[in-house]
There are 2 protein chains.
Amino acid sequence: MEEIDRRIVTLLAKDGRMSFTDLARETGLSVSAVHQRVRRLEKRGVVRGYAALVDHDAVGLPLTAFVSIKPIDPAAPDDAPERLAHLSAIEACHSVAGDESYILKVRVASPLALEELLQNIRASANVSTRTTVVLSTPYEHRPPDLGEA
Amino acid sequence: MEEIDRRIVTLLAKDGRMSFTDLARETGLSVSAVHQRVRRLEKRGVVRGYAALVDHDAVGLPLTAFVSIKPIDPAAPDDAPERLAHLSAIEACHSVAGDESYILKVRVASPLALEELLQNIRASANVSTRTTVVLSTPYEHRPPDLGEA
DNA sequence: ATTGAAAATCACGACGG
DNA sequence: CCGTCGTGATTTTCAAT
């Protein structure tokens, strides 16, 4: 991927609603050239979509936690991600190297809701859990640096 | 926050570029009523912004890791987030309960870049690090469930 | 791959209820 | 807080290069 595409992706990562007109001005291209590049970036999957960034406190999900999980039966097939996908409190699921198999990022309304979620996770995927509660988030969702050459 | 605002936030979290016209159709309100609500949600900070979701593999940052940090000198003032903010490879910084003080989410181009980043983190914030490498990401950035009543 | 221009759609503010 | 309406901006497609 070359310079102008990187620049477009950088700009859209910072402001997902930036207009094609503005993108055109920032890149020095015409509006339709930018338009076509953005469509191609979307089709190629470089841009996977667009999202509003939500204040979880304001929205009633003030408690964030990281939940590391480990299978109870290490011989069983590992389909934890699918078995957990129905739990909408789970925002992300990463397979990781190390002692545990996945790290989940979860958002809930309260400590009680977290307790119930953990029970649900253990029951749904037959895993043990280790939970790290987030106290505050100095920053999050910082856009990637694609080398502003 | 009530029903219609929750619905708007849910829709924008799923598609941050959805037009006001579409939001109006989905909510049963007029375009300008939706417009007014979105502006208010933005001003109140419920919607913090909009971002394109980027495929980090496609963009040359295929290696994701979680880095937990702990101060070398527990008595020193804890300003790690500010001291690390200049490192653009750090996507997020969460203060956490437990043995360690922060969890960082980082994105880099290669194992070598990760090694250099870790040295930079330790030097910049006077901390020790413990790193968990992400092998794959079954899902990420799932929109919050604000109770579709 | 890029442009310019036409046509359709949309954003946005003013106003009245 | 909502709807109607009008204007200007934006998106989107297309022919041409």
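Residue numbering restarts at 1 for every chain, and letters A, B, ... go by the order of the sequence lines.
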Integer-rounded Å distance: [N] [atom2] and [X] [atom1]:
X     : N      : atom1 : atom2 : result
A:M18 : D:dT10 : CE    : P     : 12 Å
B:R25 : D:dG3  : CZ    : P     : 15 Å
A:E3  : C:dA1  : CD    : C1'   : 17 Å
B:L12 : C:dA11 : CG    : P     : 11 Å
A:L29 : D:dT11 : CG    : C1'   : 17 Å
B:R37 : C:dC12 : CZ    : P     : 18 Å
A:L23 : D:dT11 : CG    : C1'   : 12 Å

| said: What's A:A33 touching, base or sugar-phosphate or nothing? Going by heavy atoms closer than 4.0 Å. | reply: base
| What nucleic acid atoms does B:S19 come within less than 4.0 Å of, heavy atoms only: base, sugar-phosphate, or nothing? |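 Sugar-phosphate: the residue B:S19, judged by heavy atoms under 4.0 Å, touches backbone atoms but no base.
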Taking OP1 and OP2 of [N], is either one under 4.0 Å from a side-chain nitrogen or oxygen of [X]?
X     : N      : result
A:R39 : D:dT13 : no
A:H35 : D:dT11 : no
A:S32 : D:dT11 : no

| More 5' along DNA chain D: B:I4 or B:R17, using each one's nearest nucleotide? |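 Looking at the nearest nucleotide for each, B:I4 comes out on the 5' side.
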| query | Under the 6.0 Å and 45° cation-pi test, does B:R17 pair with A:F20? | reply | yes
| said: Here's a test of your reading of the structure: between B:T21 and A:Q36, which maps to the more 5' nucleotide of DNA chain C? | reply: A:Q36
| Side chains of B:Y139 and A:L84 in contact at under 4.5 Å (non-hydrogen atoms) |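 They are in side-chain contact.
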Just by distance, with hydrogens left out, do [X] and [Y] show a side-chain donor and acceptor under 3.5 Å apart?
X      : Y      : result
B:R122 : B:T129 : yes
B:Y50  : B:E42  : yes
B:R107 : B:T64  : yes

| task | Between D:dC1, D:dT12, C:dA11, spot the one nearest the side chain of B:F20, thanks. | result | C:dA11
